[in-house]
Amino acid sequence: MIEIERKFLVKDHSFIMSASSATQLSQGFLSTDLNRTVRIRISDSSGWITIKGIGSSDGTTRFEWEKNISLEEAKALLKLCKEGIIEKTRYEVAVGFHIFEIDIFKGLNEGLVVAEIELNQATDSFEKPAWLGEEVTGNTAYYNASLSEKPFTKW
């Protein structure tokens, strides 16, 4: 239940040619407190509820609990979420031995493209593709919960 991930800005959209999937996601937050974030997420045919805890000082490690819920439950819970629903397309791209999840944000977060990579250990090395930009791991402004309250286009 511990998530270890690093987050990066993306320089260009060249990764799309290597993507194995593209999924439309909508997500809202019942709680955006960084000590206990509660997220509802909907994809094309599934729903999830996720609880995230406070992160490590460098932002690489956080408690995360996630449970698949029915699409109907997720749609009902999304209606209870705070204002600021996040809309994005998520691409999965294999690079070396890892999978990057790259989000192209829409709506009030248009223009933001972020890549995340989950690791087994915070010190794991991984291949950095040419499209990978500045690391923003631990910068809470790039957390989806923060983007729901202060969207990228309002920075």
Side-chain angles (χ1 to χ4, degrees), residues 1-11 15 23-43 46-71 73-93 95-129 131-155:
M1 289 203 284
I2 297 297
E3 173 187 56
I4 302 169
E5 78 177 7
R6 290 175 61 186
K7 188 177 291 211
F8 300 83
L9 298 178
V10 175
K11 295 178 189 176
F15 66 86
T23 306
Q24 303 304 311
L25 297 175
S26 298
Q27 62 186 46
F29 294 88
L30 296 169
S31 170
T32 53
D33 180 329
L34 293 178
N35 293 315
R36 62 192 70 74
T37 301
V38 181
R39 174 184 74 204
I40 305 300
R41 179 180 281 166
I42 295 176
S43 72
S46 299
W48 296 268
I49 183 168
T50 306
I51 300 170
K52 292 191 177 198
I54 192 165
S56 60
S57 60
D58 66 357
T60 59
T61 306
R62 288 175 80 181
F63 171 87
E64 180 183 77
W65 176 87
E66 187 167 73
K67 182 169 177 68
N68 188 259
I69 58 177
S70 73
L71 187 57
E73 290 170 320
K75 285 180 179 179
L77 287 169
L78 197 62
K79 291 177 184 175
L80 297 176
C81 288
K82 299 168 81 171
E83 285 187 40
I85 301 299
I86 301 281
E87 301 284 344
K88 59 188 177 180
T89 303
R90 171 165 287 172
Y91 296 87
E92 290 192 356
V93 177
V95 178
F97 297 106
H98 295 92
I99 302 288
F100 281 90
E101 294 179 336
I102 302 108
D103 293 337
I104 297 179
F105 289 83
K106 301 175 184 176
L108 290 176
N109 288 296
E110 185 84 31
L112 181 61
V113 183
V114 175
E116 296 178 349
I117 183 171
E118 289 198 18
L119 303 169
N120 292 320
Q121 302 291 325
T123 56
D124 284 355
S125 61
F126 55 92
E127 187 178 332
K128 294 180 181 174
W131 45 259
L132 201 64
E134 175 189 351
E135 183 164 7
V136 294
T137 302
N139 184 336
T140 58
Y142 290 98
Y143 288 8
N144 283 268
S146 297
L147 291 169
S148 72
E149 295 180 325
K150 188 173 182 185
F152 183 67
T153 58
K154 306 281 185 186
W155 292 9

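Owing to the predicted nature of the structure, the values given are computational and were not obtained by experimental measurement.
Of all heavy-atom pairs spanning A141 and S146, the tightest one is O-CB, 3.8 Å. Heavy atoms only, all atoms of each residue included: G47 and A74 are closest at CA-CB, 3.7 Å. Of all heavy-atom pairs between R36 and S31, the closest is O-OG, 2.9 Å. The nearest pair of heavy atoms linking A145 to T32 is O-CG2, 3.9 Å. Heavy-atom minimum distance, S46 versus L71: O-CD1, 3.8 Å. Closest approach of Y142 to L147, counting heavy atoms only: O-CD1, 3.8 Å.
Here the CG-NZ distance, from N144 to K52, works out to 7.5 Å after rounding to the nearest 0.5 Å. Y143 OH to E149 CD: the interatomic distance, rounded to the nearest 0.5 Å, is 14.0 Å. Separation of atoms NZ (K11) and CH2 (W131) is listed at 11.0 Å; rounding is to 0.5 Å. Atom CD1 of I104 and atom CZ of F15 lie 4.0 Å apart (nearest 0.5 Å). Atom CD of E3 is separated from atom CZ of F63 by 11.0 Å, given to the nearest 0.5 angstrom. The structure places NZ of K67 at 9.0 Å from CD of E73, a figure rounded to the nearest 0.5 Å.
Side chain to side chain, S148 and K82 fail the donor-acceptor criterion of an N or O pair below 3.5 Å. A donor and an acceptor atom, one from each side chain of D58 and S56, are located under 3.5 Å apart. In the model, E135 has a side-chain atom that pairs as donor or acceptor with a side-chain atom of T137 under 3.5 Å.
Salt bridge E5/R62: absent, no basic N to carboxylate O contact under 4.0 Å.
In this structure, V95 and F126 have side chains that are not in contact, with every pair of non-hydrogen atoms separated by 4.5 Å or more. Between L119 and H98 there is a side-chain heavy-atom pair separated by less than 4.5 Å. Residues V38 and T50 are not in side-chain contact: their nearest non-hydrogen atoms beyond the backbone lie 4.5 Å or more apart. A 4.5 Å side-chain heavy-atom check between V10 and F8 finds every atom pair outside the cut-off. Contact check for W65 versus I49: side-chain heavy atoms found under the 4.5 Å cut-off. Side-chain atoms of I4 and D124, non-hydrogen and from C-beta on, never get closer than 4.5 Å to each other. Looking at S43 and L25, their side chains come closer than 4.5 Å, going by heavy atoms from C-beta outward. Inter-residue side-chain proximity for F29 and I86 is flagged as met; some heavy-atom pair is nearer than 4.5 Å.
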Step-by-step side-chain contact (heavy atoms from CB on, under 4.5 Å) determination, I51 to T37: CA-CA 6 Å; I51 300 170; T37 301; over 6 Å; no
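Side chain of N109 to backbone of F152: a donor-acceptor contact under 3.5 angstrom is found. Checking side-chain atoms of W155 against main-chain N and O of K150 turns up a donor-acceptor pair under 3.5 Å. T153 places a side-chain N or O within donor-acceptor distance of the main-chain N or O of L108, the cut-off being under 3.5 Å.
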